[in-house]
2 protein chains.
Amino acid sequence: MQKVPTVYDVAELAGVSIATVSRVLRKPHEVADATRDRVNAAVLDLGYVPSGSARSLAARRSGAIGLCLPDFDGIDEVSGLAPVEFSDGRVSTVLDLPEDVELGDHLYISEVMLGTEIEAWQHGMAVTIAVARGSRGSEIFDNLAGRVDGIVTLARTIPDKQLAHIARRVPVVVLAGPRSDDEYDHITTDNAEGMRVMTSHVLEEHGVTDLAFVGGPADSPDDDARFRGFCQALRAAGLPAPATPVARGDFTRAQGRSIGRRLLAEGRVPRALVCSNDQTALGVLDALTSAGRRVPEDVIVTGFDGIDASEVSRPRLTTVYQPMRDLGRAAVDTLLHRLRDSQIPPQTRTLPVKVLLRGSCGCLPPESV
Amino acid sequence: MQKVPTVYDVAELAGVSIATVSRVLRKPHEVADATRDRVNAAVLDLGYVPSGSARSLAARRSGAIGLCLPDFDGIDEVSGLAPVEFSDGRVSTVLDLPEDVELGDHLYISEVMLGTEIEAWQHGMAVTIAVARGSRGSEIFDNLAGRVDGIVTLARTIPDKQLAHIARRVPVVVLAGPRSDDEYDHITTDNAEGMRVMTSHVLEEHGVTDLAFVGGPADSPDDDARFRGFCQALRAAGLPAPATPVARGDFTRAQGRSIGRRLLAEGRVPRALVCSNDQTALGVLDALTSAGRRVPEDVIVTGFDGIDASEVSRPRLTTVYQPMRDLGRAAVDTLLHRLRDSQIPPQTRTLPVKVLLRGSCGCLPPESV
DNA sequence: TTGTACGCGTTATCAG
DNA sequence: CTGATAACGCGTACAA
């Protein structure tokens, strides 16, 4: 680490030119066996590791793709973070009472990350991640854009203006965003159609006509599409569609709970609550059951996403599953296509969703929760 | 994207030298206001984004840290991965019966990633991740090492030999590994002590003397330390300590289940099963309860890690919580220290654990599960 | 305050 | 098959 060896050092030790060293590393078959062995020995001997920066600079590609994520953990200022505490050798023991767990809060994003990484790995590329925390986001994303071959970003993570700026340097793929009039490739899921089918199920199979939609953030394109699907199903059934959701949360379980409590307090709980995502639905479920309402007997609750937590709630949540991991994979796939051919017009590729009927709509017998 | 602008283009448009452009970007205050404005305008106009490669090369630091993770998702060959399927516009509906969920399988790693990212972000650094999948691992890690300022790796992710090679170029911090006779900095948790306290609790508070340890992989340093803690508690209580765990799994819930079934079949279920991690414990719990054994009345089960899934099991799992996120944070913190001063001797920093008493050891009344 | 010129460690294009 | 040598895009002493 004191004196990091370079191609020159390797070349000298092996008694060849730097060009040959480079060849041994990149196209070993173009080099004579004996020469190759000498070079490889020198590499091992010196502890040589090629400089990625120099390599990227000369090759005009970095072999990495950038993943931009929104501030999903709520940490947004450096000052707000306590330093890590180390052990003093003692182990404390506490009686841990049950409480509400924000289980699966990061799951959506974790899955997207994983999918991105997997597909990148398949193509021998690395993934560099950047989270839009705090005020320095701008700087962070520019830095990222400068060091990768392409960028995958969740919708609404990077301000439009900056995204446009970045996109002049590297291709951009937007995840879960609406296909607006931009120049980017998009990956979406069947939000509207999924919610339409889900709603129709409640309408037709369960004969419910009194149902309301619990939404997410007003500026969420996902939420918007889901609400549209909900309304569409209502109209198709000859029912009036509301102009807006009965309430809006921020896609967190905590907000779902408070919405549930509010509806209870105001006596506005309908026969079925169709929620815009699982977290919200689970929160609503919490509020309902702790107020003594039976789900699904008194109220039907449905979600959207299919996070793991929806699988272990009581009752298990009927929801619309979307392939989160494939979202990341599809984005990278699209990015690589674009890298190969920058001429093709901006694409929008849609991933399928699947309606999972479980306990919270009443499709399963009580014993299977 | 057609013709990516460089400092030269910006300099020309702004009518200054490239040195000035560079200054505007790095030390804006050393440049006259008017000049700065002209340059910034040119930057915006051209859509200029500095090349990270060139920057890293010239500055001799990349501003990124690498995170090496084991093949936690079991994907190890490119061929084994089906391509992403896109939507055909139809939404399928399925009756989704309850089944065993591998909830939280990636949680440990997700948390470490998150912690790493947070701490890196605080210091304006990016994180590049690499997973040790398949046979190309070697290549991948070398590439990573060449493009980052330092590396954080989970123990046993990179073969010793290669790690030694890499470490000659960049500093390395090993997570959750044993402090062996290497030159790396290490971050560990109080595995042995945590397990000792947990075991003592079962021994003393619940008066159990008939207990067994269900281990993880034989080559896991974490598992090893935990088993030592277990034995230590037994001896302290005047009981004989076993030479080996009663069974070994691979830290997955599935293995935990089969171990549970095996013990049941062989009639070797003791009064308490102390497990080396939560997944294993949850699997054991599955096997026990589905065989009609009551936990904690008939058998006490405990875990280690404190993953979210341990919080929602029935009964909720008594376990030893370790701060997974802090593991990542501490690693980055240590790495940055080392970057600043390469002279200090290799350090080992230990993070505290906490024993969480919940339902599966019998510390909580039945109603709070 | 601004400009000149060199170096950073590779890759790639030619000759040989 | 191997060796010079010119980019690659930026940071930075050193000058002006």
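Order of the sequence lines fixes the chain letters, A, B, ..., with proteins taken first and strands second; residue numbering starts at 1 for each chain.
A:Leu144 approaches A:Gly66 most closely through the heavy-atom pair CD2-CA, 4.0 Å. Closest of all the heavy-atom pairs between B:Ala11 and B:Ile18 is CB-N, 3.8 Å. Nearest heavy-atom pair across B:Tyr184 and B:Val172 is CB-O, 3.6 Å. Of all heavy-atom pairs spanning B:Asp149 and B:Pro171, the tightest one is O-CD, 3.4 Å. Closest of all the heavy-atom pairs between A:Ala64 and B:Arg147 is CB-NH1, 3.7 Å.
Annotation: B:Glu85, atom CD; neighbour count of heavy atoms from other residues, nucleotides and ligands within 6.0 Å does not exceed 12.
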Going through the checks in order, is the side-chain contact (heavy atoms from CB on, under 4.5 Å) test met by A:Val39 and A:Arg23? CA-CA 10 Å; A:Val39 172; A:Arg23 267 187 218 104; over 6 Å; no
- [ ] Applying side-chain contact (heavy atoms from CB on, under 4.5 Å), run through A:Ser51 and A:Thr6 and close with a yes or a no.
- [x] CA-CA 8 Å; A:Ser51 155; A:Thr6 72; over 6 Å; no
Would A:Phe141 and A:Ile151 count as a side-chain contact (heavy atoms from CB on, under 4.5 Å) here? Give the steps. CA-CA 10 Å; A:Phe141 292 131; A:Ile151 281 190; over 6 Å; no
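Paired with A:Thr334 under the rule side-chain hydrogen bond (donor to acceptor under 3.5 Å, both in side chains), one option of A:His186, A:Arg349, A:Arg329 passes, and it is A:Arg349.
For the pair A:Arg60 CZ and D:dG9 P, the computed distance is 6 Å after rounding to whole Å. Put simply, CG on A:Asp33 is 9 Å from P on D:dC1, counting in whole angstrom units. Between the C1' atom of D:dC1 and the NE2 atom of A:His29 lies a distance of 12 Å, rounded to the nearest Å. Summarising the geometry, the separation between CG on A:Asp37 and P on D:dC1 is reported as 14 Å, rounded to the nearest angstrom.
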Between N or O atoms, less than 3.5 Å apart, protein on one side and nucleotides 2-6 of chain D on the other: list the pairs.
| from | atom 1 | to | atom 2 | distance (Å) |
| --- | --- | --- | --- | --- |
| D:dT2 | OP1 | A:Thr35 | OG1 | 2.3 |
| D:dT2 | OP2 | A:Ala32 | N | 3.0 |
| D:dG3 | OP2 | A:Ser17 | N | 3.1 |
| D:dG3 | OP2 | A:Ser17 | OG | 3.3 |
| D:dG3 | OP2 | A:Thr20 | OG1 | 2.7 |
| D:dG3 | N7 | A:Arg23 | NH2 | 3.1 |
| D:dG3 | O6 | A:Arg23 | NH2 | 2.5 |

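When heavy atoms are screened at a 4.0 angstrom cut-off, B:Ser22 is found touching base atoms of the nucleic acid.
Checked by atom type and distance alone, the side chain of B:Arg55 never pairs as donor or acceptor with a backbone atom of A:Asn143 at under 3.5 Å.
Rounded to 10°, the helix from C:dT1-D:dA16 to C:dG16-D:dC1 has 30° between the axis fitted to its first five pairs and the one fitted to its last five.
Think of the region where chain B sits on DNA chain C: with heavy atoms and a 4.0 Å cut, that region ends 5' and 3' at C:dT1 to C:dG9.
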